[in-house]
Amino acid sequence: MPLEFQPSANIARMKESATLAVAAKARALKAAGLAIIDLGAGEPDFDTPAFIREAAVAAMNAGATRYTATEGILPLRDAIAADANRRLAHGAPITAAEVVVSSGSKQSLYNACVCCFGPGDEVLIPTPAWTSYYEMVELARAVSVPVFGEPANDLKVTADQLRAAATPRTKGLMLNSPSNPTGAVYTRDELAAILELAAELGWWVLADEIYLRIAYEGGAQSVLEVATARDNLIVINGVAKAYAMTGWRIGWTIAPLAVSKAMTAFQSHTTSNPAAVSQHAALAALARTEEADAVVGEMVRAFRARRDAVVAALAAFPSVRYVHPAGAFYVYINVAGFRGAADAGAAFAAAVLEEHQVAVVPGNAFLTPDWIRASYATTEAIAVDGITRIARCLTGG
Ligand code: GLU
């Protein structure tokens, strides 16, 4: 008798990543010859800057082809610490010992969840939030507790809402600004209130800052610029979004020493070091600040122009409600009531793909089924065409 696969208790409730599933579907439809406008994937359309690619080639030819330290090469961890110290407002400078480099910020987040949370712990997730937070917390066998933001506050949550959702089992919270999926950016005061609450109640704060450099209105604040202490902070970042390096898979955590050691030990059993050549590419991105600032600035300016163009296109459809996109490269659009469907976002995503050839991510992936996410990390013309089709589909135009 062939063995029948029964998912283990570890993954019994797990669902596939909806963001990656939409990306895969859009790729497959394109490969089949359909002219799909892909606003699904949250992936910069730019090539990795040339000086970074060249640094990787040089490193590979110089022998960066072997294992490295599990936590990553020291020069990269030094460069990450130096980069973070430029934002740090209080306390002793961050050192390389507090940095663990992983195979993408997704792994960094997962390391942090597994090491800080366990069975019975509750983790507050300001919602809507990136689909994988809920799953990672559950894979760590903790309980994910969504805390819903109000549309009037761009779907951001307040410290008061978090306090109201807390129980004695609350162990931490996920923070993400600029936000995926909404593009909303927390103000300094909002962050300060949340950090103060977390410090008061002894919560871990997992601050996912992967979109930090992609913000359009005076910039986004890092928790490092706001927090008065770091002992409960785990800051997660990576090169994927700001440097257009999604495929290189390099992310990192900045965390207190004991947490960093635990995450290194955990990683030593799961993946060991991230790819050596990718670490050298990331080193160029982080250490060659002048060249990096120039190319990142150029990409952010392009994202901003697309953001402006998308907002201008939506202005022609005044009944369409969306979160003001102040950062990242997403626009989060309300589709409540679409064709009377119970899951309006899923119904809309299916309809706009089938009838208008636009791929978007349904809001149920982010626990808010009345919404859909459109990514404008594509050319301005494609973004505007896609958004216009979305608005037409929604308004029946
Ligand atoms: N984070 C991006 C997104 O939300 C990439 C896909 C993923 O890893 O979820 O689309």
Side-chain angles (χ1 to χ4, degrees), residues 14-28 30 36-46 48 102-113 125-139 144 155 174-185 206-215 220 236-252 271 274 278 299 303 306-307 310 323 325 327-333 345 349 353 358-368 371-378 382-383 386 390:
M14 183 188 70
K15 294 187 290 300
E16 182 190 5
S17 163
T19 47
L20 294 185
V22 170
K25 189 167 179 187
R27 252 198 309 271
K30 277 193 227 166
I36 297 296
I37 295 185
D38 184 6
L39 306 189
E43 175 169 35
D45 56 322
F46 302 108
T48 299
S102 300
S103 303
S105 63
K106 203 174 238 177
Q107 186 184 18
S108 302
L109 279 156
Y110 185 59
N111 285 350
C113 285
I125 306 187
T127 296
W130 182 49
T131 188
S132 293
Y133 294 161
Y134 307 98
E135 300 288 349
M136 286 179 184
V137 167
E138 301 278 334
L139 286 170
S144 62
L155 299 178
M174 315 290 289
L175 203 53
N176 176 220
S177 174
S179 158
N180 175 6
T182 66
V185 175
L206 273 56
D208 176 358
E209 301 193 339
I210 192 73
Y211 297 99
L212 192 67
R213 295 191 68 170
I214 307 172
I236 296 102
N237 208 330
V239 289
K241 310 294 186 184
Y243 302 91
M245 292 178 69
T246 47
W248 298 81
R249 310 309 303 137
I250 294 291
W252 57 81
T271 56
S278 294
M299 290 191 278
F303 285 135
R306 295 164 186 186
R307 191 281 304 254
V310 158
V323 175
F329 33 62
Y330 304 112
V331 56
Y332 210 48
I333 300 173
L353 183 59
V358 183
V360 298
V361 182
N364 61 19
F366 317 107
L367 297 199
T368 42
W371 300 76
I372 56 113
R373 187 192 81 177
S375 159
Y376 50 87
T378 180
I382 292 175
I390 287 170

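Since the structure is predicted, the reported quantities are computational estimates derived from the model, not experimental observations. We're numbering straight along the sequence, starting at 1. When a ligand or atom number is given, it counts from 1 through the structure's own listing order.
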Check whether any side-chain heavy atom of T48 lies under 4.5 Å from a side-chain heavy atom of Y243, and answer yes or no. no
Tell me whether T131 contacts the main-chain N or O of A365 through its side chain, where contact means a donor paired with an acceptor under 3.5 Å. yes
Distance to 0.1 Å, residue and atom name: give those for the protein heavy atom nearest to atom 7 (C) of ligand 1. T19 OG1, 3.4 Å
Could you check whether S179 and Y332, counting side-chain N and O atoms only, form a donor-acceptor pair closer than 3.5 Å? no
Judging by distance only, is a nitrogen or oxygen of S132 under 3.5 angstrom from one on ligand 1? no
Any N/O pair G42/ligand 1 closer than 3.5 Å: yes
L139 side chain reached by M14 side chain, heavy atoms, under 4.5 Å: yes
Test side chain to side chain donor-acceptor pair (under 3.5 Å) on Y134 and T127 and set out the steps. CA-CA 10 Å; Y134 307 98; T127 296; 2.8 Å; yes
Less than 4.5 Å apart, any side-chain heavy atom of I382 and any of D38? no
Option with minimal heavy-atom separation from atom 4 (O) of ligand 1, where the choices are K106, R373, E43: R373
Below 4.0 Å from any atom of ligand 1, is there a heavy atom belonging to Y330? yes
Atom 6 (C) of ligand 1: which protein heavy atom is closest, and how many Å away? L20 CD2, 3.4 Å
Give the contacting part of T246 toward ligand 1: side chain, backbone, both or neither, where contact means a heavy-atom distance below 4.0 Å. neither
Could you tell me the residue and atom name of the protein heavy atom closest to atom 1 (N) of ligand 1, and the distance to it rounded to 0.1 Å? K241 NZ, 3.3 Å
Which of these passes ring pair (Phe, Tyr, Trp, His ring centres under 6.0 Å) with Y330: Y376, W130, Y211? Y211
T131 N/O to ligand 1 N/O under 3.5 Å: no
Element-labelled atoms of ligand 1 that are located less than 4.0 Å from some non-hydrogen atom of N180: 1 (N), 3 (C), 4 (O)
